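Step one of this worksheet: look at the structure below.
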Protein chains: 2
Amino acid sequence: MATKHDDVAARTSTGERVLAEAARLFRTKGYSATTMRELAAALDVNKATLYHYIGGKEDLLYKLSIESLERIITDVSRAIALQSDPLSRLVSAIKAHINTMLADRDKHATMLNELRALTGERANDVIELRDRYESLIRALLQEGLDRGLIRSDLGSEKYLTLGLLNLLNWTIFWFEPEGELTPQEIGEILASIYLFGVTADAAPASQRVGEAEEVDGRRG
Amino acid sequence: MATKHDDVAARTSTGERVLAEAARLFRTKGYSATTMRELAAALDVNKATLYHYIGGKEDLLYKLSIESLERIITDVSRAIALQSDPLSRLVSAIKAHINTMLADRDKHATMLNELRALTGERANDVIELRDRYESLIRALLQEGLDRGLIRSDLGSEKYLTLGLLNLLNWTIFWFEPEGELTPQEIGEILASIYLFGVTADAAPASQRVGEAEEVDGRRG
DNA sequence: GTCTATAGTGGGATAGAC
DNA sequence: GTCTATCCCACTATAGAC
């Protein structure tokens with residue numbers, strides 16, 4: 001049915017539409033509370049038709065979770081690679097994390113919220129990817145500690161990493177695409193809080209977080 | 001059956017045991033994925049018996065959410081009232097938030113995760129309480145801004161509040177009671193990150209977060 | 001690739017005896 | 001206050017025609 005002249009929305013394959021709509025429902029209502037009937041109705045197809053595209057309900061969750069993590073690992077790795085100074089790498093990682101996460105809230109929120117609904121092999125796969133991402137961030141903080149750029153009085157990099165992921169991940173629950181701040185602006189605020197804190201004397205005017213503009217191949 | 005000589009665990013009424021077990025299951029498996037059959041089995045009673053104590057499944061979620069929010073509002077308000085300096089009040093609030101939240105993970109995680117499953121009047125009640133708590137924190141940051149103790153270059157108190165709640169709330173997903181840090185220690189780390197940031201020169205040794213020990217009526 | 005029809009299971013909740 | 005028995009409904013998934 002699709003031709004070269006269709007616009008992007010129309011060109012989206014049915015399989016991709018199923019995944020996208022599932023993500024939207026999973027984020028809004030939760031995985032377990034979402035029924036295959038609702039999903040079929042939202043896509044205006046028969047329930048049975050869904051099973052032509054997917055193996056089952058859990059497959060949807062699995063695919064979305066893997067996509068989410070692969071995407072954020074790729075984007076954050078790319079952002080880090082463009083910087084050499086450890087603190088600049090950290091700031092770039094924070095911005096990339098926020099940008100990627102908020103660019104597809106449905107998918108990333110589903111991964112963050114519904115991981116526990118996965119079972120067996122599928123759960124293992126996703127947890128392994130999630131741990132790999134966490135290691136990426138941990139290494140970044142360890143690098144800063146090694147070079148004396150990050151405070152060492154708060155202990156090892158472990159809780160610095162968990163604190164950072166706290167600060168970043170929960171954003172997905174209150175971000176509104178039509179709200180007053182862009183993901184870019186939110187990323188800068190959170191990066192500045194994380195690096196310099198909120199007290200008035202903590203961030204001299206020379207230390208701002210917006211200096212290194214990202215170089216991204218796409219999106220002019 | 002209960003007498004004055006029963007110990008605390010045994011004195012817990014059946015109604016309270018139902019709520020506590022529901023909270024445990026809701027946190028572990030999610031509200032929607034938890035069945036009344038499982039709950040009955042975990043308590044070793046018949047399914048029908050549950051309905052002698054509760055109005056229905058959603059009632060459980062409602063009661064847990066209200067308890068969670070009332071508890072944290074009470075505890076944090078009390079902690080704030082003991083301090084006069086805005087930054088000390090902020091630190092006390094952070095510690096109290098973390099302590100209360102981690103002292104009953106089941107209840108608080110359920111409230112944070114499953115609010116969307118509530119409907120109608122019950123949803124309104126809980127959202128109203130949640131907003132009241134958020135206002136409490138906002139006022140604290142506004143106070144710091146007014147007195148010039150908090151950075152004003154990050155915008156209004158709105159995103160400072162959301163950032164702080166990010167930093168605090170997500171902790172409930174990775175905290176382990178048998179882990180290496182106590183809630184008190186985690187609260188101190190997060191308070192220090194939030195106030196002073198993680199960069200090496202951001203926190204002079206004179207600015208530590210542990211100075212004002214809390215005065216709590218209970219627990220010697 | 002989409003449908004009708006339905007299998008098979010398990011969900012929340014209630015009636016009413018004890 | 002706890003039980004047995006059961007209602008009614010919604011769930012995921014499949015068979016098989018078109």
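Quantities reported herein were computed from a predicted structural model and do not represent experimental measurements. Order of the sequence lines sets the chain letters (A, B, ...), proteins ahead of strands, with each chain counted from 1.
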Using whole Å, what does the distance between atom [atom2] of nucleotide [N] and atom [atom1] of [X] come to?
{"X": "A:L25", "N": "D:dC11", "atom1": "CG", "atom2": "C1'", "value": "16 Å"}
{"X": "B:L43", "N": "D:dG1", "atom1": "CG", "atom2": "P", "value": "15 Å"}
{"X": "B:K47", "N": "D:dC7", "atom1": "NZ", "atom2": "P", "value": "14 Å"}
{"X": "A:E38", "N": "D:dC9", "atom1": "CD", "atom2": "P", "value": "18 Å"}
{"X": "A:L50", "N": "C:dT2", "atom1": "CG", "atom2": "C1'", "value": "11 Å"}
{"X": "A:D44", "N": "C:dG1", "atom1": "CG", "atom2": "P", "value": "18 Å"}
{"X": "A:K29", "N": "D:dA10", "atom1": "NZ", "atom2": "C1'", "value": "12 Å"}
{"X": "A:K57", "N": "D:dT14", "atom1": "NZ", "atom2": "P", "value": "15 Å"}

- Query: Does NZ or CZ of A:K57 come closer than 6.0 Å to the centre of the six-membered ring of A:Y31, within 45° of the ring's axis?
  - Reply: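 Yes, A:K57 lies over the aromatic ring of A:Y31.
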
Think [X] has a side-chain N or O under 4.0 angstrom from the OP1 or OP2 of [N]?
{"X": "B:Y51", "N": "C:dT14", "answer": "no"}
{"X": "A:H52", "N": "C:dG1", "answer": "yes"}
{"X": "B:Y53", "N": "D:dT2", "answer": "yes"}
{"X": "A:T49", "N": "C:dC3", "answer": "yes"}
{"X": "B:T35", "N": "C:dG11", "answer": "yes"}

- Message: Does B:R132, at its CZ atom, have more than 12 non-hydrogen atoms belonging to other residues, nucleotides or ligands within less than 6.0 Å?
- Response: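 No - once you tally the heavy atoms of other residues, nucleotides and ligands closer than 6.0 Å, there are 12 at most.
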
- Task: Could you tell me whether B:D59 and B:R122 have a side-chain N and a carboxylate O separated by less than 4.0 Å?
- Result: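 Yes, B:D59 and B:R122 are salt-bridged.
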
- Message: Please determine whether a side-chain nitrogen of the Lys or Arg among B:E114 and B:R27 lies less than 4.0 Å from a carboxylate oxygen of the Asp or Glu.
- Response: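 Not counted as a salt bridge, because no side-chain N and carboxylate O are separated by less than 4.0 Å.
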
- Is the distance between the ring centroids of A:F175 and A:W170 less than 6.0 Å?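 No.
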
- Taking only the side-chain heavy atoms of A:A48 (C-beta and beyond), determine which of C:dC3, D:dT12, C:dT14 contains the nearest atom.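 For the A:A48 side chain, the nearest candidate turns out to be C:dC3.
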
- So what does A:S32 touch, heavy atoms closer than 4.0 Å: a base, only the sugar-phosphate, or nothing?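 Result for A:S32 = nothing.
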
- Query: Starting at the 5' end of DNA chain C and moving along, which residue's nearest nucleotide shows up first, A:N46 or A:R37?
  - Reply: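 Its nearest nucleotide being more 5', the pick is A:N46.
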
